[in-house]
Novice: 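Quick one: this structure, given as structure tokens, is what I'll be asking you about.
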Amino acid sequence: MTDTRSPRTIAAANGIGQDAAFGAVAPPIYLASSYKFGGFEQPGAYDYSRTRNPTRDQLADTLARLEGGAGAVVVASGMAAIDLVLSRLEPGECVVAPHDCYGGTQRLLNVRAAKGQFEVVFIDQNDAAAVDTAFATGRQKLVLIETPSNPLMRVVDIAVIARKAKAAGAAVAVDNTFLSPALQQPIALGADFVIHSTTKYLNGHSDIIGGAVIAAEAEDAATLAAWANVTGVTGSPFDAYQTLRGIRTLFPRVESQQRNAEAVAAFLEAQPQVKTVHYPGLPSHPGHEIARKQQRGFGAMLSFELNGGLEEVRRFVNAVRIFTLAESLGGIESLVAHPATMTHASMDPQARRTAGITDTLLRLSVGLESEGDLLEDLAQALKSAGIGAEALAR
Ligand SMILES: *Cc1c(COP(=O)(O)O)cnc(C)c1O
């Protein structure tokens, strides 16, 4: 969708002051499930809210403009958004997915593949030979990309994979949940679809579950919208209203949280209790250069490995006061998660190890609190973790 306004303006102002009924400045919410016909055989613009709803359409229009797509479909969760894209596949066709993708995505792909609905291969998308091998089968129809990845923050070059996928006849879908369109716009880099768990940065206030797919082509958007109506996965108007309200402050939120995350990453990197920090903004990060090229910022998510073992992890997460031990990410509050027992617990332990998710890996979603308070909280929790002199010397 060509919109000459900057994404910052679109986020703050799309749909503002457009209410035809009463001139409401904020777009009103339409909770109605059904809409009156003008007369016999005269349906209006809307008839039934599973199919279309004005509030959900307002959010879809804003998301399409923010991502530079032709259209968007708003659904009930991030998982529903991924499943909606997977609905394009026929039995025998293959999905090429990252080996370190979101745990729920991995589970969905495996369950559907086990039912014979499509095939799936999990590869390291930074391994050029593995990518070429996956594309050589001729059956690949869809490449799923998640960058930066969860929870190790690995970065893959979207433009490079998209070029190879196009040459092999496969569509490209990028899960852009970790950065949001404020920091990365995959369609401009060659993606056909962008997926969001709007639960995260787009809504940003940790009070709804939602998802969306943005399509580069209008025809693809229409196909997905029709399928979402068939299966009934479309999102609720209330959640769409909340999400649109959250998007108004997307840019300032993400920018402030990112500043805090940069400070947290630098702090952790200097602590003897910390073995490694995974943050694309650190020059030591293997994906730093690609991130600089394809992202507008490094985001507010990071992970790190603690020295020691599970006991030290337990003491650390029990000691934090400002960071809350919880799943999810992208809200205004700082969270800490232990992927091995939380977000990635459904993953087979072997697959987890292959993906590099160790038992002492912790993931942080850095929020809007003051930088000083966040660093102080981490410092006292690292002290409370009681990591022995032997581990500190490693
Ligand atoms: C949370 C998340 C999902 C799933 O979204 P839900 O809204 O929880 O269904 C998918 N991908 C990524 C990267 C996520 O962080």
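Numbering starts at 1 and runs along the sequence shown. Just so we're clear, the structure is a prediction, and the values are computed from it rather than from any experiment. Indexing begins at 1, ligand by ligand and atom by atom, following the structure's order.
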Novice: For Arg296 and Gln185, test the side chains for any donor-to-acceptor distance below 3.5 angstrom and give the result as yes or no.
Specialist: yes
Novice: Quick one: which ligand 1 atoms are inside 4.0 Å of a heavy atom on Phe178?
Specialist: 15 (O)
Novice: What's the shortest distance from atom 1 (C) of ligand 1 to any protein heavy atom, and which residue and atom give it?
Specialist: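 Atom 1 (C) of ligand 1 sits closest to the protein heavy atom Lys200 NZ, 1.4 Å.
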Novice: Do Ser284 and Glu269 meet the criterion of a side-chain donor-acceptor pair at a distance under 3.5 Å?
Specialist: yes
Novice: Of the listed options (Leu329, Thr343, Asp175), which comes nearest to atom 13 (C) of ligand 1 when hydrogens are ignored and any heavy atom counts?
Specialist: Asp175
Novice: Just go through Ser197, Ser365, Ser328 and tell me whose heavy atom is the nearest to atom 7 (O) of ligand 1.
Specialist: Ser197
Novice: Answer yes or no: is there an ion pair linking Arg112 with Asp83, defined by an N-O contact shorter than 4.0 Å?
Specialist: yes
Novice: Could you check whether His288 and Phe298 have their ring centres less than 6.0 Å apart?
Specialist: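 That pair passes the under 6.0 Å test.
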Novice: Which heavy atom of the protein is the closest neighbour of atom 6 (P) of ligand 1, given with residue, atom name and distance?
Specialist: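 Protein heavy atom with the smallest distance to atom 6 (P) of ligand 1: Gly78 N, 3.3 Å.
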Novice: Find all atoms of ligand 1 within a distance of less than 4.0 Å from any non-hydrogen atom belonging to Met79, and give their numbers and elements.
Specialist: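 Going through ligand 1 atom by atom, the ones under 4.0 Å from Met79 are 4 (C), 5 (O), 6 (P), 9 (O).
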Novice: Of all the atoms in ligand 1, which lie at a distance below 4.0 Å from a heavy atom belonging to Thr199?
Specialist: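 Listed by number with element, the hits are 7 (O).
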Novice: Taking atom types as modelled, find out whether Ser206 and Glu333 have a side-chain donor-acceptor pair closer than 3.5 angstrom.
Specialist: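 A donor-acceptor contact under 3.5 Å links the two side chains.
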Novice: Among all protein heavy atoms, pick the one closest to atom 3 (C) of ligand 1 and tell me residue, atom and distance.
Specialist: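 Of every protein heavy atom, Tyr102 CE2, 3.5 Å lies nearest to atom 3 (C) of ligand 1.
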Novice: Gly210 heavy atoms, cut-off 4.0 Å: which ligand 1 atoms fall inside?
Specialist: 7 (O)
Novice: I'd like to know whether Asp192 forms a salt bridge (charged side-chain N to carboxylate O under 4.0 Å, His left out) with Lys166, so could you lay out the CA-CA distance, the side-chain angles of the two residues, the decisive distance to 0.1 Å, and finally the verdict.
Specialist: CA-CA 10 Å; Asp192 303 288; Lys166 291 272 146 70; 3.7 Å; yes
Novice: For Thr51 and Asn229, does a side-chain donor sit closer than 3.5 Å to a side-chain acceptor?
Specialist: yes
Novice: What are the atoms of ligand 1, with element, lying closer than 4.0 Å to any heavy atom of Ser77?
Specialist: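 This gives 7 (O), 9 (O) as the contact atoms.
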